Amino acid sequence: MSIREVRVYEVPLETRSSYTMSNSTVATPVSTVVEVVDADGTIGYGEVCMASPQFQPAHNNGIRASLSILAPAILGIDPLKLTVINAAMNTAMTGHTEGKAALDIACWDLIGKKLDRSVVDLLGGALSDTILTYHVVGIGTPEQAASDTAALLEAGHTRIQLKTGGRHISEDIACIQAVAEALKPDTDLAVDTNRGWSAAEAIQVSNACADVRMSLEQPCATEQELHQVKAQCSHPIVVDESSTDIRAVARMISSGLADGFGLKLSRLGGLTTMRSVRDLCMAARVPMSTDDAWGGDIIAAACVALGATLDPQFSRGAWIAHPYHQQHYDEVNGPRIENGLVTLPTGGPGLGLVFEDGCFGTPQAVYR
Ligand code: 0XW
Ligand code: MG
């Protein structure tokens, strides 16, 4: 096996329902799909897509620009040699984990196809037949948030992520309390501010909602602020945007700051690095999610595959963007949410997805 060619595609994902976070509203992000082609023509697929330029320090045009350096760096390498693949990318470019993630995921898909095994099996095998997910309730009015939550619980969801921030905290508190009224006993609520509050604001919100069983996901922007909140609040702290690499994850576990993580494959660099982060979190008994910022069936399948290998007691779920754009690249096998759980593609080896030749149109770039 050796990588003969890399093809890059732009795939717009129009948002069908409003999706607002503290620092951005998602419009029509243009996803990056990559094909990593083996010498015998076998194709591995990868994908990354930022919801907005604000969520993490990356944006979709920049991801495709980074591939002009990263793709040539892996040509000729055996895709099975994932350590060599990642070392070549890290030698070629510092940072830019999103472009690296797209290529890394494509290598996992390609390896699975060559070995006729699923990515789930390559990651160590599923520990559960069902894979949890969580659903986002965007920033809005208390009435809308409560109504959206009730509908989601009716549809079988047990994990809700309520977006907050970007406004006066009195509005967030009203939304949290309205959603809390709608929760069932078995519902887990994460209040995700995407770095939007100051430590003082987070502490005030936590105090005002002291009787609500919820976690605070990335309430503030910096690790220092998160420590301040941790010291003064009883609500568990889930770290998302601050979990920038495995060192940060290890630090926030050992310091006792993190009660959980909201992890993104693109931010950590793909499945190879996320496998190590998974093993660290499972060993430390710290719950984690397996998400990405946005994207279609390919990145969703990678998130769900990794999510299947989590110890269910320490899984915060595998989030997918499909409910918000409602597009499938593989109409038959693309991951979808049913009764609050997410389905694992079973269309074949690798990520389990099947694509018609040319289904992503004309490549934006080809590297050979
Ligand atoms: C809910 N997500 C996984 C998707 C959005 O990009 C933000 C992210 C989060 O947890 O913040
Ligand atoms: Mg988050």
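Remember, it's a predicted structure, so these values are computed and weren't measured experimentally. FYI, side chains are in, hydrogens and waters are out, and symmetry mates aren't considered; it's all heavy atoms of this structure. Numbering of ligands and ligand atoms starts at 1, following listing order. Numbers here are sequence positions counted from 1.
Inter-residue side-chain proximity for Arg278 and Leu123 is flagged as met; some heavy-atom pair is nearer than 4.5 Å. Within the 4.5 Å cutoff, the side chain of Val37 has no heavy atoms near those of the Thr42 side chain.
Atoms of ligand 1 found under 4.0 Å from any heavy atom of Asn194 (numbered from 1 in listed order, with element): 11 (O). Short contacts between ligand 1 and Ala51, defined as distances under 4.0 Å to a heavy atom of the residue, involve ligand atoms 6 (O). Distances below 4.0 Å separate heavy atoms of Tyr134 from the following atoms of ligand 1: 1 (C), 3 (C), 10 (O). Each of the following atoms of ligand 1 lies closer than 4.0 Å to a heavy atom of Glu217: 10 (O). Counting the atoms of ligand 1 from 1 in the order shown, those under 4.0 Å from a heavy atom of Val136 are 1 (C).
Here the protein heavy atom with the shortest distance to atom 8 (C) of ligand 1 is Lys264 CE, 3.7 Å. Of all protein heavy atoms, the one lying nearest to atom 2 (N) of ligand 1 is Tyr19 OH, 3.9 Å.
Checked by distance only, ligand 1 and Gln161 come closer than 3.5 Å through their nitrogen or oxygen atoms. Where the criterion is an N or O separation shorter than 3.5 Å, residue side chain and backbone included, Trp319 fails it with respect to ligand 1. The shortest N/O to N/O separation between Asp240 and ligand 1 falls below 3.5 Å.
Between the side chains of Thr193 and Thr164, at least one donor-acceptor pair of N or O atoms lies under 3.5 Å. A donor-acceptor pair shorter than 3.5 Å cannot be found between the side chains of Thr15 and Trp294. At a cut-off of 3.5 Å, with distance as the only test, no side-chain donor of Gln218 or Asp192 sits close to an acceptor on the other residue. For the residue pair Asn86 / Lys100, no side-chain donor-acceptor distance below 3.5 Å is found, with atom types taken as modelled.
Look at Asp292 and you'll find a heavy atom under 4.0 Å from some atom of ligand 1. Using a 4.0 angstrom heavy-atom cutoff, Met21 counts as in contact with ligand 1. Using 4.0 Å as the threshold, Lys163 has a heavy atom nearer than that to some atom of ligand 1. Judged by the shortest distance from any of its heavy atoms, Ala293 lies inside the 4.0 Å radius around the atoms of ligand 1.
Each of Leu189, Asp188, Val136, Asp148 was evaluated against Ile160; a single residue qualifies, Leu189, per the side chain to side chain contact (heavy atoms under 4.5 Å, CB included) test.
In this structure, the side chain of Arg336 engages the main chain of Glu331 through a donor-acceptor pair within 3.5 Å. For Thr133 (side chain) and Ala318 (main-chain N/O), a donor-acceptor pair under 3.5 Å exists by modelled atom type.
Among heteroatoms of the N, O or S kind in Glu217, OE2 lies nearest the Mg ion (ligand 2). Between the Mg ion (ligand 2) and the N, O or S atoms of Asp192, the shortest distance is to OD2. When the N, O or S atoms of Asp240 are ranked by distance to the Mg ion (ligand 2), OD2 comes first.
A salt bridge between Asp172 and Arg167 is present, with a side-chain N of the basic residue lying under 4.0 Å from a carboxylate O of the acidic one.
Between His325 and Tyr19, the distance separating the two ring centers is not shorter than 6.0 angstrom.
Counting heavy atoms closer than 4.0 Å to ligand 1, residue Tyr324 contributes nothing at all.
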